[in-house]
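Heads up: the structure comes next, in structure tokens.
In this text the structure is predicted, and so the values were computed from the model without any measurement.
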Amino acid sequence: MISIIRPPNAGPTLPSRVGAAPGPERDAAPATPLLTVPSAKERARDMAARRLDFVRAKVEALKLMVKIDPRSALKLAGEIARELKAATKAFRESGGRDVSDADMALMKHRVEGVEAAREAGSDAGADDQVRRADDELDRLADMQADMTGDKGVFDEIRRFLAALKKARDDIRGEATTSFRAPSEADWRAFDRDQAELEREPARAGAGPRVSVTA
């Protein structure tokens, strides 16, 4: 029998790597997948969407309450106006912008101009022009996505504004024959809340300035 005696100060036995030559590909640690961290603007937009979902549920309840109890309905409408104002204010203070249809049209025109310049550069074999156009298209794509997200939030806010105005008219009609009609103080309180809400979107900055030249 042949025995192998390891010296007492020998290091740990290394695993055999027969047939595997060391190299950068073999020894490299597995790549760690990159995590995409939402930006502050994306987090603000997500929070605004959640708050608007909460408002949406209250608006649906308001529609059911108008005929049953006009006075309570008007008070709920005022509560909705205050919550919607707070959500709008929080979003605009986080960088949310009131992007218009004209802003979106200008962006579309700008993208089309850069795409045309890229195509012309490709046809002419102008690699530098193509690369510059590609970089610009990437930048514009990010801007366009941000504008679309902001516009979606403010479009939703305006839909709720219209719903509150309609609710006010419906409550006014039901109040003429209801034992639960709102008082004059109730009307004044709601009109004040509604007016403050309507001013909030105007305080948001407009969409980013977009040049229409290529």
Side-chain angles (χ1 to χ4, degrees), residues 33-60 63 80-169 194-214:
L34 297 177
L35 298 178
T36 301
V37 179
S39 66
K41 181 65 171 296
E42 290 170 333
R43 292 194 298 271
R45 192 178 292 131
D46 182 63
M47 179 59 69
R50 294 184 186 186
R51 296 180 75 166
L52 292 180
D53 284 342
F54 183 67
V55 169
R56 185 178 298 105
K58 287 198 170 188
V59 169
E60 293 303 315
K63 293 176 183 177
I80 292 170
R82 292 190 297 273
E83 290 177 357
L84 191 55
K85 175 193 171 186
T88 306
K89 182 174 184 289
F91 182 60
R92 72 170 176 78
E93 288 180 347
S94 298
R97 294 164 301 186
D98 190 9
V99 179
S100 68
D101 290 335
D103 293 327
M104 297 301 296
L106 281 173
M107 173 60 75
K108 183 175 182 291
H109 182 79
R110 172 62 179 165
V111 169
E112 290 172 348
V114 177
E115 287 175 341
R118 186 194 188 285
E119 184 176 356
S122 178
D123 292 343
D127 294 340
D128 287 345
Q129 180 176 334
V130 171
R131 281 193 295 271
R132 287 195 301 272
D134 285 339
D135 290 343
E136 179 67 1
L137 288 172
D138 287 342
R139 187 183 71 86
L140 292 176
D142 290 341
M143 289 179 62
Q144 196 169 33
D146 188 55
M147 291 170 65
T148 300
D150 282 3
K151 188 175 188 302
V153 172
F154 277 99
D155 284 352
E156 187 79 349
I157 289 168
R158 287 191 170 87
R159 281 192 287 270
F160 287 135
L161 270 167
L164 288 175
K165 288 181 179 179
K166 182 179 185 305
R168 186 192 190 285
D169 292 341
Q194 180 79 354
E196 290 178 359
L197 168 60
E198 290 177 352
R199 286 193 292 268
E200 197 61 40
R203 296 184 176 123
R209 186 176 183 84
V210 180
S211 171
V212 296
T213 58

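Among residues two or more places apart in sequence or in another chain, the salt bridge (Lys or Arg N to Asp or Glu O under 4.0 Å) test is passed with D128 by R131. In this structure A87 satisfies the side-chain contact (heavy atoms from CB on, under 4.5 Å) test together with R51, sequence neighbours excluded.
Interatomic distance, CD of Q144 versus CG of D142, reported as 10.5 Å (0.5 Å rounding). Rounded to the nearest 0.5 angstrom, R56 CZ and D53 CG are separated by 4.5 Å. To the nearest 0.5 Å, atoms CD1 (I80) and CD (Q194) are separated by 10.5 Å. With rounding to the nearest 0.5 Å, the separation of CD in E198 from OG1 in T88 is 11.5 Å.
The side-chain heavy atoms of K108 and M104, taken from C-beta on, include no pair separated by under 4.5 Å. Inter-residue side-chain proximity for F160 and L197 is flagged as unmet; no heavy-atom pair is nearer than 4.5 Å. When side chains are defined from C-beta on, R43 does not count as touching M47, because their heavy atoms never get closer than 4.5 Å. L140 is listed as a side-chain neighbour of E136, based on a closest heavy-atom distance under 4.5 Å. Side-chain atoms of R203 and R92, non-hydrogen and from C-beta on, do get closer than 4.5 Å to each other.
With respect to E42 and R45, no salt bridge is recorded, no charged nitrogen being found less than 4.0 Å from a carboxylate O. Between K151 and D103, none of the side-chain N atoms (NZ, or NE/NH1/NH2) sits under 4.0 Å from a carboxylate O, so this pair counts as no salt bridge. Between R158 and D98, at least one side-chain nitrogen of the basic residue sits less than 4.0 Å from a carboxylate oxygen of the acidic one, meeting the salt-bridge criterion. The residues E200 and K85 are annotated as not salt-bridged, no charged nitrogen and carboxylate oxygen being separated by less than 4.0 angstrom. Residues E115 and R118 are not paired through a salt bridge, judged by the lack of any N-O separation under 4.0 Å between the basic side chain and the carboxylate. Under a 4.0 Å N-O distance rule, the pair D155/R159 does not qualify as a salt bridge. A salt bridge links E93 with K89: the distance from a Lys NZ or Arg NE/NH1/NH2 to an Asp or Glu carboxylate oxygen falls below 4.0 Å.
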Verdict with reasoning, M107 to V111, per side chain to side chain contact (heavy atoms under 4.5 Å, CB included): CA-CA 6 Å; M107 173 60 75; V111 169; 4.1 Å; yes
Derivation of the salt bridge (charged side-chain N to carboxylate O under 4.0 Å, His left out) call for K165 and D169: CA-CA 7 Å; K165 288 181 179 179; D169 292 341; over 6 Å; no
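Listed here is the closest heavy atom pair of A204 and F154: CB-CZ, 3.5 Å. A117 approaches Q129 most closely through the heavy-atom pair O-NE2, 2.7 Å. Across all non-hydrogen atoms, the minimal contact from S122 to V130 is N-CG2, 3.5 Å. Closest non-hydrogen pair, I157 versus P201, comes out as CG2-CG, 4.4 Å.
In the displayed structure, D123 atom CG is contacted under 6.0 Å by more than 12 heavy atoms of other residues, nucleotides or ligands.
Between the side chain of E156 and the backbone N or O of V153 there is no donor-acceptor pair closer than 3.5 Å. Not a single donor-acceptor pair under 3.5 Å links the side chain of D150 to the backbone N or O of V99.
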